[in-house]
Peer 1: 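If you scroll down you'll find the structure; I have some questions about it.
Below, each value reflects all heavy atoms present in this structure, side chains not excepted, and no hydrogens, waters or symmetry copies.
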Amino acid sequence: FPVTIGCPFNDYVYLLTYTKIIRYKWKGNTLQKVDEKSFPGYAQTEGISLSSQGQIYVANEAHKWLGRQKIQQIQCKK
């Protein structure tokens, strides 16, 4: 799966693809997959950011078939 961007936050690393967020946790010197969340339908997510409280925001780029750009808040399992 092609990763568009990654974002570290506390003991986690969030990887963003065009269609999902994958969360990993640092365990020593390795990363272990915790969970993933898929986006419904077609998306072309390009950016991810986390607030200091851990709220996740993703941005879609403008695409002639998929619509205009937008930023949305995503809920993942704690």
Side-chain angles (χ1 to χ4, degrees):
F1 57 89
V3 173
T4 57
I5 195 165
C7 184
F9 182 76
N10 293 335
D11 293 336
Y12 295 93
V13 175
Y14 293 80
L15 298 181
L16 184 66
T17 72
Y18 287 138
T19 59
K20 60 185 158 188
I21 296 174
I22 307 167
R23 182 168 55 165
Y24 290 88
K25 183 171 178 73
W26 283 108
K27 297 280 187 173
N29 291 332
T30 61
L31 288 171
Q32 292 185 339
K33 185 176 175 182
V34 175
D35 58 7
E36 68 180 57
K37 178 170 180 73
S38 296
F39 301 114
Y42 292 102
Q44 190 162 353
T45 54
E46 295 287 336
I48 184 171
S49 181
L50 283 90
S51 73
S52 60
Q53 292 82 30
Q55 296 166 318
I56 303 167
Y57 297 89
V58 295
N60 291 13
E61 73 174 17
H63 190 281
K64 65 180 177 179
W65 293 311
L66 300 177
R68 64 180 184 84
Q69 66 273 16
K70 59 186 171 219
I71 296 175
Q72 55 188 330
Q73 185 176 358
I74 301 296
Q75 299 296 323
C76 285
K77 300 173 192 171
K78 297 280 183 189

Peer 1: Per the side chain to side chain contact (heavy atoms under 4.5 Å, CB included) rule, which among Ile22, Val34, Ile56 passes with Tyr14?
Peer 2: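 Looking at Ile22, Val34, Ile56, the match for Tyr14 under the side chain to side chain contact (heavy atoms under 4.5 Å, CB included) is Ile56.
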Peer 1: If you compare all heavy atoms of Leu50 against all heavy atoms of Cys7, which two are closest, and at what distance to 0.1 Å?
Peer 2: CD1-SG, 3.5 Å
Peer 1: Just by modelled atom types, is the Tyr57 backbone N or O under 3.5 Å from a matching donor or acceptor in the Ser49 side chain?
Peer 2: no
Peer 1: Can you tell me which residue pairs pass the salt bridge (charged side-chain N to carboxylate O under 4.0 Å, His left out) test with a partner in residues 4-20, sequence neighbours excluded?
Peer 2: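 For residues 4-20, and leaving out neighbouring residues, the salt bridge (charged side-chain N to carboxylate O under 4.0 Å, His left out) pairs sorted by first residue read Asp11-Lys25, Lys20-Glu36.
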